Amino acid sequence: MRFRRSLESPAIQTVTTQKTAHAFASDRAGKMIFVPHVTPNAVLQFRLDPETGKLSEAGQAEGGAEKAGPRHIALHPTLPLAFTSNEVGNSVTSYAMDENGLKPRET
């Protein structure tokens, strides 16, 4: 798989999300992008097309506990797991990860 290693101007694509997007991470295969949002208490998910460099919406994973407010995300280096630090809930949520994205396990 070939990745572009530089920024392009003008941008290939702009994706507008809620104002509380703070970070993003991609899965090891470089096929999925995850963007935690304090509001709406969810991790937005996108599929990445390696040929065009464009993203397409792939749903969202709920943010764990009610009003948890996921802010940062980290993916486990070898297991199909992800974790968010939650700003509002002062907690951490673990997610199972598969080809369809994330599913919250425990906060």
Side-chain angles (χ1 to χ4, degrees):
M1 181 180 307
R2 183 178 71 83
F3 289 100
R4 293 187 174 123
R5 299 198 185 274
S6 64
L7 297 176
E8 291 190 19
S9 182
I12 294 170
Q13 177 186 21
T14 300
V15 177
T16 302
T17 65
Q18 301 287 335
K19 68 178 183 173
T20 56
H22 188 75
F24 79 94
S26 66
D27 68 350
R28 287 187 299 278
K31 295 180 179 180
M32 295 283 296
I33 303 292
F34 305 106
V35 185
H37 280 67
V38 175
T39 301
N41 191 41
V43 178
L44 277 60
Q45 304 176 117
F46 299 91
R47 294 200 187 283
L48 175 64
D49 181 329
E51 296 301 315
T52 65
K54 292 187 176 183
L55 300 174
S56 59
E57 291 184 23
Q60 64 183 34
E62 295 305 317
E66 185 179 344
K67 298 182 181 178
R71 181 152 171 111
H72 294 276
I73 188 165
L75 279 60
H76 191 281
T78 58
L79 299 175
L81 300 171
F83 304 89
T84 58
S85 61
N86 303 318
E87 180 176 307
V88 180
N90 295 320
S91 58
V92 172
T93 299
S94 66
Y95 297 82
M97 184 170 43
D98 64 21
E99 65 278 352
N100 296 315
L102 304 175
K103 291 184 178 52
R105 296 176 49 189
E106 180 178 23
T107 298

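These numbers come from a predicted model, not from an experiment.
In this view, Ala25 and Ile73, Leu75 satisfy the side-chain contact (heavy atoms from CB on, under 4.5 Å) rule, not counting sequence neighbours. With sequence neighbours excluded, no residue satisfies salt bridge (Lys or Arg N to Asp or Glu O under 4.0 Å) with Lys67. Shown here are the side-chain hydrogen bond (donor to acceptor under 3.5 Å, both in side chains) partners of Ser85, two or more places apart in sequence or in another chain: there are none. For His22, the ring-ring contact (aromatic ring centres under 6.0 Å, His included) test picks out His72, with sequence neighbours left out. Scored by the side-chain contact (heavy atoms from CB on, under 4.5 Å) test, Gln45 finds Met32, Phe34, Ala58, Ala61, Leu102 as partners (sequence neighbours excluded). The side-chain contact (heavy atoms from CB on, under 4.5 Å) search around Thr107 returns Ala65, Asn86, Ser91, Thr93, not counting sequence neighbours. Under the salt bridge (Lys or Arg N to Asp or Glu O under 4.0 Å) criterion, Glu62 pairs with no residue, sequence neighbours left out.
At a threshold of 4.5 Å between side-chain heavy atoms, the hydrophobic network of Ile, Leu, Val, Met, Phe, Trp and Tyr places Leu44 and Leu55 in one connected group.
Judged as a side chain to side chain donor-acceptor pair (under 3.5 Å), the pairs with a partner in residues 10-19 (not counting sequence neighbours) are, in order, Thr17-His37. Screening residues 87-98 for salt bridge (charged side-chain N to carboxylate O under 4.0 Å, His left out) gives Arg71-Glu87, Asp98-Lys103 as the qualifying pairs, with residues at least two apart or on separate chains. A ring pair (Phe, Tyr, Trp, His ring centres under 6.0 Å) check over residues 76-107, counting only residues at least two apart or in different chains, returns nothing.
Annotation for Ile33 and Ser26: closest pair CD1-CB, 3.5 Å, computed over non-hydrogen atoms. Closest non-hydrogen pair, Leu48 versus Pro50, comes out as O-CD, 3.3 Å. Taking both residues in full, the closest heavy atoms of Gly63 and Ala68 are given as O-CB, 3.3 Å, listed atom of the first, atom of the second, then distance.
Side-chain atoms of Asn41 and Pro70, non-hydrogen and from C-beta on, do get closer than 4.5 Å to each other. Side-chain contact check for Ile12 versus Thr52: every heavy-atom pair is 4.5 Å or farther apart.
Remark: Met97 CE to Arg105 CZ distance equals 11.5 Å, nearest 0.5 Å. Separating the NZ atom in Lys54 from the CG atom in Asp49 is a distance of 9.0 Å, to the nearest 0.5 Å.
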